[in-house]
4 protein chains.
Amino acid sequence: LDIPVTNKRKIVNDPVYGFINIESELFFDVIEHPWFQRLRRIRQLGLTSMVYPGANHTRFQHALGALHLMQQAVAVIRSKGHEISDAEAEAVCLAILLHDIGHGPFSHALEHSLIENNNHEKLSEWLMDGLNQTFDGKLSLAIDIFKNKYTKPFLHQLISSQLDMDRLDYLLRDSFFTGVAEGVVGSERIIKMLNVHDGNLVVEAKGIYSIEKFLIARRLMYWQVYLHKTVLSAENLLVKILQRAKELALNGDKLFATPALDFFLNHRFDEKVDANLQQQIIEQFVLLDDTDVLASLKVWMKHSDPLLAKLCQNCTNRKLYKIEIQNDPFTAEQINAKKALVMQQFGVSENVVNYLVVDGNISNNMYDVHDSRITILYNDGRITDLSEASDILGYDVVLKAITKYYMCYPKEIVKK
Amino acid sequence: LDIPVTNKRKIVNDPVYGFINIESELFFDVIEHPWFQRLRRIRQLGLTSMVYPGANHTRFQHALGALHLMQQAVAVIRSKGHEISDAEAEAVCLAILLHDIGHGPFSHALEHSLIENNNHEKLSEWLMDGLNQTFDGKLSLAIDIFKNKYTKPFLHQLISSQLDMDRLDYLLRDSFFTGVAEGVVGSERIIKMLNVHDGNLVVEAKGIYSIEKFLIARRLMYWQVYLHKTVLSAENLLVKILQRAKELALNGDKLFATPALDFFLNHRFDEKVDANLQQQIIEQFVLLDDTDVLASLKVWMKHSDPLLAKLCQNCTNRKLYKIEIQNDPFTAEQINAKKALVMQQFGVSENVVNYLVVDGNISNNMYDVHDSRITILYNDGRITDLSEASDILGYDVVLKAITKYYMCYPKEIVKK
Amino acid sequence: LDIPVTNKRKIVNDPVYGFINIESELFFDVIEHPWFQRLRRIRQLGLTSMVYPGANHTRFQHALGALHLMQQAVAVIRSKGHEISDAEAEAVCLAILLHDIGHGPFSHALEHSLIENNNHEKLSEWLMDGLNQTFDGKLSLAIDIFKNKYTKPFLHQLISSQLDMDRLDYLLRDSFFTGVAEGVVGSERIIKMLNVHDGNLVVEAKGIYSIEKFLIARRLMYWQVYLHKTVLSAENLLVKILQRAKELALNGDKLFATPALDFFLNHRFDEKVDANLQQQIIEQFVLLDDTDVLASLKVWMKHSDPLLAKLCQNCTNRKLYKIEIQNDPFTAEQINAKKALVMQQFGVSENVVNYLVVDGNISNNMYDVHDSRITILYNDGRITDLSEASDILGYDVVLKAITKYYMCYPKEIVKK
Amino acid sequence: LDIPVTNKRKIVNDPVYGFINIESELFFDVIEHPWFQRLRRIRQLGLTSMVYPGANHTRFQHALGALHLMQQAVAVIRSKGHEISDAEAEAVCLAILLHDIGHGPFSHALEHSLIENNNHEKLSEWLMDGLNQTFDGKLSLAIDIFKNKYTKPFLHQLISSQLDMDRLDYLLRDSFFTGVAEGVVGSERIIKMLNVHDGNLVVEAKGIYSIEKFLIARRLMYWQVYLHKTVLSAENLLVKILQRAKELALNGDKLFATPALDFFLNHRFDEKVDANLQQQIIEQFVLLDDTDVLASLKVWMKHSDPLLAKLCQNCTNRKLYKIEIQNDPFTAEQINAKKALVMQQFGVSENVVNYLVVDGNISNNMYDVHDSRITILYNDGRITDLSEASDILGYDVVLKAITKYYMCYPKEIVKK
């Protein structure tokens with residue numbers, strides 16, 4: 001944000017939108033806070049850059065991008081005659097700026113390895129509350145809107161719904177940086193079509209085509225990026241590395257690690273966390289980012305545990321698991337057969353084979369937890385659900401959850 | 001590079017060019033090598049993302065991009081009737097792929113702190129030779145072209161000249177990811193205008209406007225990105241941090257560091273390096289990337305040396321030096337006066353103040369070391385230097401070196 | 001095409017692709033011919049610019065664009081090991097260059113008014129044969145490929161199939177110039193995925209997502225542009241104007257018209273055309289373009305026939321019919337009721353009311369006359385129809401013909 | 001403008017900006033007026049499409065684009081705390097919408113042939129006054145601003161100055177449609193940097209790089225488009241055709257022409273025009289557009305005057321003059337020698353040769369009639385002229401007028 005300042009307004013260059021205006025000094029002060037600056041060191045898409053080399057964009061960039069869209073959305077909705085007070089406008093912008101503050105590095109991997117039972121949402125709450133104290137309660141309204149405790153539902157819907165600013169930014173940004181042109185979303189076009197009806201966020205009828213294209217682009221992004229075979233393979237490899245490292249650490253093995261990573265490797269967290277531990281978690285968490293994980297992982301390539309060493313060599317040098325993906329679950333027989341084969345060929349124990357043969361499933365509705373719908377507003381004041389308005393697509397087809405089942409195992413097995 | 005394979009050809013998505021074809025299996029094998037994969041973890045522009053948050057693109061992306069342009073350039077020059085054998089084509093592509101293999105993390109900072117007397121070029125040579133052994137001598141012709149020891153000078157000029165593929169990619173790519181639209185370069189347009197005359201690379205006359213715009217865009221990139229005040233301030237801060245860390249390490253202080261970084265902190269390198277030490281340097285260097293530096297630097301925020309701790313806090317949380325830039329050198333009086341003021345206000349010693357008040361100069365010709373010119377080829381076969389062909393610009397103005405002098409010092413001093 | 005010439009190669013600037021190379025002198029000579037130059041004066045989308053003001057691009061631009069894509073397609077298919085001789089390459093490029101040579105101004109309107117029983121295809125054939133004579137038979141192979149009389153079916157499929165270069169250019173170009181971003185097609189991406197299998201054009205499996213997006217974009221273009229209500233209304237108005245003018249002319253009325261337009265107003269053409277008349281038709285047809293129609297129409301605004309005058313005023317000043325569109329045919333009762341209302345309110349005769357109340361239907365399969373399918377080629381050599389390969393869309397849904405029924409009538413009637 | 005209407009706001013698709021909002025009903029009503037609709041049939045760049053086939057964009061598109069930028073500029077300037085009343089905002093937008101209303105088809109050619117002594121500015125005034133009557137005086141403030149008779153000079157400067165919305169749109173738009181990427185201007189970026197100081201339009205210091213790039217892009221557009229040899233050749237050919245046609249008409253020859261063109265062919269206009277004639281001129285002028293000229297010109301290809309016929313064949317079929325361009329005037333000797341040669345080779349009279357050998361000059365300052373400068377505003381409130389602020393360019397070099405001298409003559413002469 002080092003930009004010439006005029007009248008206390010800041011402008012940031014952004015490859016996606018050109019310029020991003022930081023419209024309030026408070027936004028700027030929040031961005032300057034070390035807890036927010038930390039997002040500069042956390043990539044939005046974790047290991048996806050192993051498949052799409054351009055995907056190095058950070059959560060910091062995404063948060064600014066979502067702020068940019070929110071500022072536009074506020075202006076559009078106001079221009080259509082709906083009142084948003086200055087306090088509400090500032091709060092909804094702060095809420096989107098902070099919506100990802102609780103994310104750690106490689107967050108899906110972390111949730112499955114280092115930070116048991118303490119999910120992203122809980123950390124998110126702790127950090128927002130902490131910042132609110134630092135900023136003398138100026139974030140209270142933002143937090144209320146974020147938690148959907150405020151009287152104007154459309155404000156929350158701008159943060160969390162089928163067409164929220166989070167999604168409109170990340171789909172466009174992820175498409176932009178991966179270079180997956182099929183996923184490009186007309187976010188700024190869609191925002192021009194937003195409106196409010198009975199307190200809820202709606203889309204004007206003339207925006208139907210843009211929405212249809214948005215839904216298709218989103219689906220293509222799932223197939224080409226979020227559920228990409230090799231991305232899944234890399235993420236599972238990282239999960240297994242961190243699980244193994246934690247297993248070793250908790251067994252008393254001395255692993256090289258940065259202090260923040262060391263803390264999470266050496267603690268197993270219950271669901272109940274007392275105030276003292278909570279404080280420790282926060283202190284270490286805000287120091288943890290991609291570099292802790294990646295730098296430690298490189299050192300572990302020479303660790304005395306051959307399993308950990310091998311997994312880390314594979315990850316660092318991009319020798320990933322072979323992965324099979326299918327629409328139905330793998331049977332226990334299939335998985336056990338693969339494990340038996342690996343145990344035999346590699347001469348490893350049952351404990352070890354669980355790090356080499358990995359199964360699981362993934363569905364796109366992790367992004368669709370909010371079961372909200374998209375509502376269309378016609379010129380004559382009628383509203384209808386998009387599923388009825390659409391001439392072109394089977395809307396339900398597009399939104400329906402896809403679950404995919406996968407099994408990963410060492411590439412070498414194939415060759416034998 | 002995990003892409004469906006047809007007939008052994010690979011395609012990579014790239015946000016700048018759309019798709020990049022990897023036209024030869026040997027290119028692919030080189031890219032897969034751990035020494036090359038390491039470039040995934042080294043950002044092209046170091047700390048520039050502190051000013052331009054989008055500038056997280058890596059040397060890996062740049063190397064693939066330069067390969068893409070080289071493949072195009074070879075096709076264009078062949079289509080104009082100049083012979084490039086398949087072996088030459090492969091070699092010139094390999095040479096551009098490997099041209100940055102010797103870069104370490106934050107390379108300008110490293111040269112001024114950790115790797116004395118061993119510049120980028122020497123490491124580059126060692127690593128290329130090492131890879132050539134691994135690949136059974138298949139890189140020999142590429143290395144000859146790289147070193148300008150081959151009989152067709154235009155091949156070397158495609159790698160290193162005013163219009164080489166390195167430059168055509170990085171200017172476009174840096175502009176793209178910083179979001180500095182003023183710097184956008186029509187690299188693919190320029191390549192279509194390349195030709196060969198008397199064995200040398202030339203530009204056809206119809207490309208003059210594209211070249212003029214390229215030179216202007218390049219100059220704007222210097223002003224807006226490469227010589228940006230805050231970028232310089234951040235880079236100087238990193239240099240001082242690494243110098244202080246090395247000073248402490250060589251004095252026997254125990255610092256947290258990854259093993260690779262530890263090696264460079266604890267060795268001071270003479271100009272002469274024996275074979276044994278050379279081997280050690282290579283082994284550690286290829287493990288060193290951005291994450292080693294950034295992760296260690298975060299740990300040093302709590303180091304017992306208050307100077308190192310303070311500098312690292314400033315860097316991690318983006319509290320940079322105040323910087324003044326001017327066209328003439330700062331006088332010894334000016335610098336000493338500033339140091340005296342800092343010593344007095346902060347109560348620090350003469351040794352310490354040299355980490356707090358930093359002066360230096362920078363010029364754009366570090367990018368223009370090759371004193372080559374741009375030659376224009378007319379339809380009638382005449383050639384001329386661009387400086388005479390240009391109707392629009394003062395060409396010499398555009399190419400002339402700019403030297404800027406700067407002085408950095410703590411922001412806090414201003415307020416007192 | 002006035003571009004500096006080097007080695008007899010020409011380059012044309014094009015907003016869509018940047019540069020278009022004219023790779024053969026024969027292409028250039030064909031482009032220079034007055035019959036081809038005439039395409040400069042015929043807009044690709046007729047009256048669509050009344051709705052999308054940017055849609056002023058011409059059939060000339062489209063023909064060059066399709067040539068550009070064909071040149072790329074030939075290079076891609078050759079690079080995958082399939083032989084295309086130089087003569088075949090030139091012929092398939094000539095065929096795409098000439099594929100629209102038989103189009104007149106506002107061609108759909110013309111077919112329904114001035115040129116009865118002589119469709120675009122017949123004129124196309126006459127003009128191609130005429131040019132072939134002028135060019136000493138050098139177009140013979142191109143004409144064979146165009147007519148699908150050549151032994152390599154994929155060459156014809158590049159000109160006429162679900163993924164031909166005609167379609168890949170016009171969808172992208174129409175989207176570009178209308179500004180309908182939802183319709184943007186990755187034509188150059190798709191071409192990189194083309195291949196040949198058993199002599200037929202196929203798409204490699206890695207291109208499935210691009211094809212899916214292409215089909216969606218195509219469908220969105222139908223809804224937003226080709227079947228747009230106001231575009232239909234304007235086209236029907238033009239049809240009625242030309243029918244009325246011809247009715248008056250054949251009744252001996254003296255209308256202002258350019259000589260070429262005058263010829264078509266004063267002749268009614270049977271299905272059988274003798275050699276003499278054919279010669280006359282060709283001579284006049286190649287002089288007819290958008291300007292003849294638009295300039296004459298402006299003059300008719302003051303014609304003594306009040307119906308013709310009114311229709312022309314409405315068209316020139318953009319006072320179009322009110323139009324209703326629905327999925328089912330309008331009943332005879334509905335249409336007659338509307339006609340009765342108009343006759344009563346405007347006091348006009350039954351003959352006149354047929355110019356004021358217009359019904360008809362339109363379906364998107366006018367663009368899909370070739371019943372070809374899209375075939376996917378997998379890495380293992382298997383092929384399958386896209387409908388089976390697609391995970392994402394209902395392919396049949398996308399390709400299925402849509403028929404829409406419309407009724408147009410004067411706007412003024414609504415207000416009464 | 002047929003777009004679904006919500007709350008009386010209209011949106012138009014535009015390839016350059018995506019969407020253009022028509023923010024006021026009055027703007028919409030003005031756009032709907034036949035005098036404005038006529039701009040749909042007048043291309044912005046006349047015969048430039050003979051060189052750049054994409055350059056078919058109309059004055060209608062440009063007027064909407066300039067309106068779009070003006071609406072943005074008003075919002076930006078208001079957001080920086082400068083008052084612009086709603087009436088002033090509407091007026092300055094109307095003024096830019098109407099700034100080209102007085103342009104005829106091929107306007108430079110017309111001024112040198114058909115409409116002597118009655119320049120574009122006078123017609124502009126008549127038409128604006130006429131529209132103001134039609135709209136009950138609602139355009140009065142707009143006309144005052146247009147004529148620089150209003151008390152806030154920055155409003156006029158938004159319409160007519162070095163950085164007015166006219167120029168910011170046409171440079172970007174002409175670059176976009178010609179496909180001359182070197183000329184692309186960051187118009188929307190520049191507008192974000194506009195501000196007002198002491199009542200005058202200024203640019204904030206952080207916009208200097210954008211301005212520098214704008215000036216370079218503008219210069220490149222002159223060289224590549226506005227002063228392009230072949231464009232000049234085509235325009236001179238059209239001037240000569242219209243002069244010859246008028247010479248024949250005034251001598252009593254009966255030429256085919258649309259009534260509007262016929263009027264201008266058969267009248268020679270003095271500087272003084274009485275009210276009756278003024279009325280006639282307006283009536284005919286608003287019916288005249290590109291189609292009248294182009295359609296008539298095609299008919300004249302068979303006119304009995306061999307000179308007119310030949311010139312028209314050359315223009316329609318794109319057989320243009322050979323043109324020489326140089327920095328110094330051609331001497332009388334040079335021109336007379338060329339004329340003598342043509343007279344001898346073609347056996348033509350002295351009168352005729354003046355249509356075949358044409359000399360003249362052109363300078364880029366026809367676009368720079370307003371001698372205004374660009375003023376930079378620094379954060380500390382200082383202002384300075386750009387020429388002093390610029391680090392990069394010789395600003396005066398960029399702005400200085402270029403005059404070029406040319407001589408056109410038949411291509412055939414070269415071959416003999």
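Per chain, numbering begins at 1; letters A, B, ... match sequence-line order.
Residue C:Met50 holds its CE atom at 7.5 Å from CD of D:Gln37, rounded to the nearest 0.5 Å.
Neither the backbone nor the side chain of C:Asp290 comes within contact range of chain D; no heavy atoms are under 4.5 Å apart. For D:Ala257, the part lying near chain C is the backbone, with the side chain staying farther off; criterion is any non-hydrogen pair under 4.5 Å. Contacts of C:Thr316 with chain D are made by both backbone and side-chain atoms, with heavy-atom separations under 4.5 Å. For C:Val180, the parts lying under 4.5 angstrom from a heavy atom of chain D are both the backbone and the side chain. With a 4.5 angstrom heavy-atom cutoff, C:Arg43 does not touch chain D via any of its atoms. Interface remark: D:Arg41 contributes side-chain atoms only to the contact with chain C (heavy atom separation under 4.5 Å). For D:Thr258, the parts lying near chain C are the backbone and the side chain together; criterion is any non-hydrogen pair under 4.5 Å. Proximity to chain C is absent for every atom of D:Ile20, based on heavy atoms less than 4.5 angstrom apart. Only the backbone of C:Leu288 comes within contact range of chain D, with heavy atoms under 4.5 Å apart.
For an aromatic pair to be called close, the ring centres must be under 6.0 Å apart, and D:Phe177 with C:Phe176 fails this.
The minimum heavy-atom distance between D:Lys298 and C:Leu287, with the atom names listed, is NZ-O, 2.6 Å. Between C:Ala295 and D:Ala295, the shortest heavy-atom distance links the atoms CB-CB, 4.1 Å.
If you tally non-hydrogen atom pairs under 4.5 Å between each of C:Val293, C:Thr178, C:Asp14, C:Leu320 and chain D, the highest count goes to C:Thr178. Highest contact tally toward chain C, considering only D:Leu261, D:Asp289, D:Leu294, is held by D:Asp289 [criterion: heavy-atom pairs under 4.5 Å].
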Are C:Glu32 and D:Asn317 close enough, and set up right, to give a side-chain hydrogen bond (donor to acceptor under 3.5 Å, both in side chains), and what steps lead you there? CA-CA 8 Å; C:Glu32 288 280 87; D:Asn317 296 329; over 6 Å; no
Walk me through whether D:Asn13 and C:Gln224 qualify under side chain to side chain contact (heavy atoms under 4.5 Å, CB included). CA-CA 11 Å; D:Asn13 283 70; C:Gln224 291 196 268; 5.9 Å; no
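Of the possible polar contacts, one joining the D:Arg40 side chain to the C:Ser49 backbone as a donor-acceptor pair under 3.5 Å is found.
C:Pro53 is not listed as a side-chain neighbour of D:Thr58, based on a closest heavy-atom distance of 4.5 Å or more.
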